[in-house]
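Have a look at the structure below, then the notes.
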Amino acid sequence: MEVVLRAFWIQASLNYQSMQGLGRLVCLLPVMRWLSLPGKEFASFVRRHSGLFNSNPFVATLGLGALARLEFDRNANPESVPDGMIERFSERVSTPLGSVGDELFWVTLRPHAVLVGSVGALLTGAWGACLLLVVFGVWQGYYRWNSFTWGWAAGARIAAVLQSERFRRPAKYAGWIASGCAGAAVALLLVNSPAGALTAKAQVVAFGGAFAGACAALSQRKPATWALLAAVGWAIVVSFGAKMLRG
Amino acid sequence: MITVWDWVILALFAALVAQDTTAGPQLLFSEPLVAGTVAGLVLGDLRLGLLLGTAIQLIWCGAVPAGTAVFLDINVGTVCAVAVAHSAGSAPIAAAASMLWLIPVGLLGCALTEVGMRFCGKLVASIQPECVSAGALVLRHGAGWLFAGARGSVTFLAGAGAGVAVAPVLVRFLGAAVDPGVLWAGLFGAGAGSAIAATWRFSKGKAAFLGAAGVFGAWAGGLLPVSW
């Protein structure tokens, strides 16, 4: 429980040298206490856990669970975990933890929660913000807590956990809900945006052009800032055109 | 009009937002929709907070603040944008101008994030396993978190302070060049496009996407006799 709670702040000392290395070490300090390691073991514990660790923060508890298990096994039977194995495991596991976690959380679950919240905001106002927090809170609570248990049970064999349906099926369903919410957001923005309904032809043209521009820019992996600037530029052109037509 | 207390509360809130964005606990109360709503509540202008929060959230809904990727700090930028728009009179054109001001503020936040990464690197490099204690490790780690908070406050105070001065010029320029209704239609069009682009690869078969769009569109347009 203490490790999982500490893992909420695993990125506090994020840096280019060891990424979340110090965060991982601070999260694992309670393990040192559970094992009642003698004081002279502390320096080697710090050395084992201060190298590179670059996981996704939401599934880092999977790696922490596995590392805690390896420390536990090493303490019970030193021959079962050879010297250098924990350091090697720690370094090698961070890439798959980062890529699977980023794919699940940053690419799927975050847009899912954000779009559910945005549609909620378009329909109910401030409750949408609460909805975003609840939806994402449920997802991250589920993964942060259970990942530690899964990591503890799997030990060094956490690759099988990362490839399991536990990390795939929720992403699939969340992706479908996110897509539905994106569609709903488009429809709602057309008829009832927070800035008011689209009543003039010029507004419809501005909306359509900016919509197409954003789709094109982001599908080409351009930053969203481009979509914003293009929308402002397009709105200026449309306003000018509308003025000319009226005049 | 923003009072001194509003500045203090928003600067503290910006610190929490910056910490939640990169350092922890990453509960996503830093997302523009939530941060904008809270900033609007603090300033007593919930409608403005929601308007800016929703628009910024939709436009940047696909942005990923992961790993060492350089990203615009739009979360603190949203708090800043709400403060700037409120100080400029909360009119639609002022709100749109404050969204443009979010870009330099986001870049400032991004530069300070880089400084924070280097600061934490120095903290980590100074660890000597032979003579370090558990308390010293936790303190170093905590210093990184506090730095993230300081980054948020500095970004907000610098960005909103300059924004209050720049906003009238931006409002005058935009007001002369564009109709506010058309501008907001464009901004929400960009938000809708970003939302679709962010989720396009999930919508295999497009059934959920099209179905939801059709039902919501028909309902919101008053074509379905459904009351929720």
Side-chain angles (χ1 to χ4, degrees), chain A residues 8-9 11-13 15-18 22 25-26 29 43 46-47 57 102 106 111 114-115 117-118 121 125-126 129 132-133 136 175-176 178-180 182-189 191-195 198 202-203 206-207 210-211 214-215 218-219 224-225 227-228 231 234-236 238-239, chain B residues 22-26 28-29 31 33-34 37 46 50-51 54 57-64 66 92 103 117 120-121 124 129-130 132 134 137-138 141 144-145 177-179 181-190 192-199 202-203 208-209 212-213 216-217 220-221:
Chain A
F8 277 89
W9 285 269
Q11 292 214 122
S13 54
N15 62 87
Y16 289 120
Q17 282 76 32
S18 64
L22 178 56
L25 177 57
V26 169
L29 285 176
V46 171
R47 234 177 271 118
D102 285 354
W106 292 131
V114 156
L115 286 168
S118 298
L132 187 161
L133 291 176
F136 195 75
W176 276 82
S179 306
V186 176
L188 283 168
L189 287 171
V191 293
N192 188 26
S193 87
L198 303 183
Q203 288 177 325
F207 185 97
F211 177 86
C215 282
L218 291 161
S219 63
T225 313
L228 171 69
W234 175 242
I236 290 173
V238 171
S239 284
Chain B
T22 56
Q26 298 199 303
L28 292 207
F29 62 78
E31 286 293 329
L33 178 59
V34 185
T37 304
L46 182 62
L50 264 172
L51 172 72
T54 311
Q57 185 73 79
L58 284 169
I59 289 176
W60 272 277
C61 71
V64 178
I103 296 170
M117 295 275 280
C120 290
V124 170
E130 288 75 24
V132 76
L137 289 174
V138 175
H141 191 57
W145 188 70
V178 66
D179 172 68
V182 172
L183 181 55
W184 271 103
L187 291 174
F188 275 115
S194 296
I196 294 298
T199 58
F202 302 131
S203 51
F209 160 66
F216 266 94

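Naming: A, B, ... by sequence-line order, numbering from 1 per chain. All values below come from the heavy atoms of this structure, side chains included, with hydrogens, waters and symmetry mates left out.
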Distance-minimising heavy-atom pair for B:A192 and A:V186: CB-CG2, 3.9 Å
Over all atoms of both residues, closest heavy-atom pair of A:L218 and B:A197: CB-CB, 3.6 Å
Least distance between heavy atoms, B:G186 atom then A:A231 atom: O-CB, 3.5 Å
Among B:L51, B:L28, B:V132, residue most engaged with chain A (heavy-atom pairs, under 4.5 Å): B:L28
A:S239 (side chain) donor-acceptor with B:D179 (main chain) under 3.5 angstrom: yes
Derivation and outcome, side chain to side chain contact (heavy atoms under 4.5 Å, CB included), residues B:F29 and A:L132: CA-CA 9 Å; B:F29 62 78; A:L132 187 161; over 6 Å; no
Part of A:W9 lying under 4.5 Å from any heavy atom of chain B: both
Engaged part of B:L50 at the chain A interface, taking heavy atoms whose separation is under 4.5 Å: side chain
Shortest non-hydrogen contact from B:A190 toward A:A227: CB-O, 3.9 Å
Sidechain-backbone polar pair: A:Q203 side chain, B:A185 backbone, donor-acceptor under 3.5 Å: no
4.5 Å side-chain heavy-atom contact, B:I59 and A:T225: no
Largest heavy-atom contact set with chain B, pairs under 4.5 Å, which of A:A202, A:A185, A:S118, A:P57: A:S118
Top contributor to chain A interface from B:L187, B:T37, B:T54, B:V124 [non-hydrogen pairs under 4.5 Å]: B:V124
Top contributor to chain B contacts, counting heavy-atom pairs under 4.5 Å, from A:A43, A:A210, A:S219: A:A210
Closest non-hydrogen atom pair, B:H141 against A:L22: N-CD2, 3.9 Å
From CA spacing to verdict: side chain to side chain contact (heavy atoms under 4.5 Å, CB included), A:L115, B:L58: CA-CA 8 Å; A:L115 286 168; B:L58 284 169; 4.0 Å; yes
Heavy-atom proximity to chain B below 4.5 Å, by part of A:I236: both
Part of A:S18 within contact of chain B (heavy atom distance under 4.5 Å): side chain
Side chain, backbone, both or neither of B:L33 within contact of chain A (heavy atoms, under 4.5 Å): both
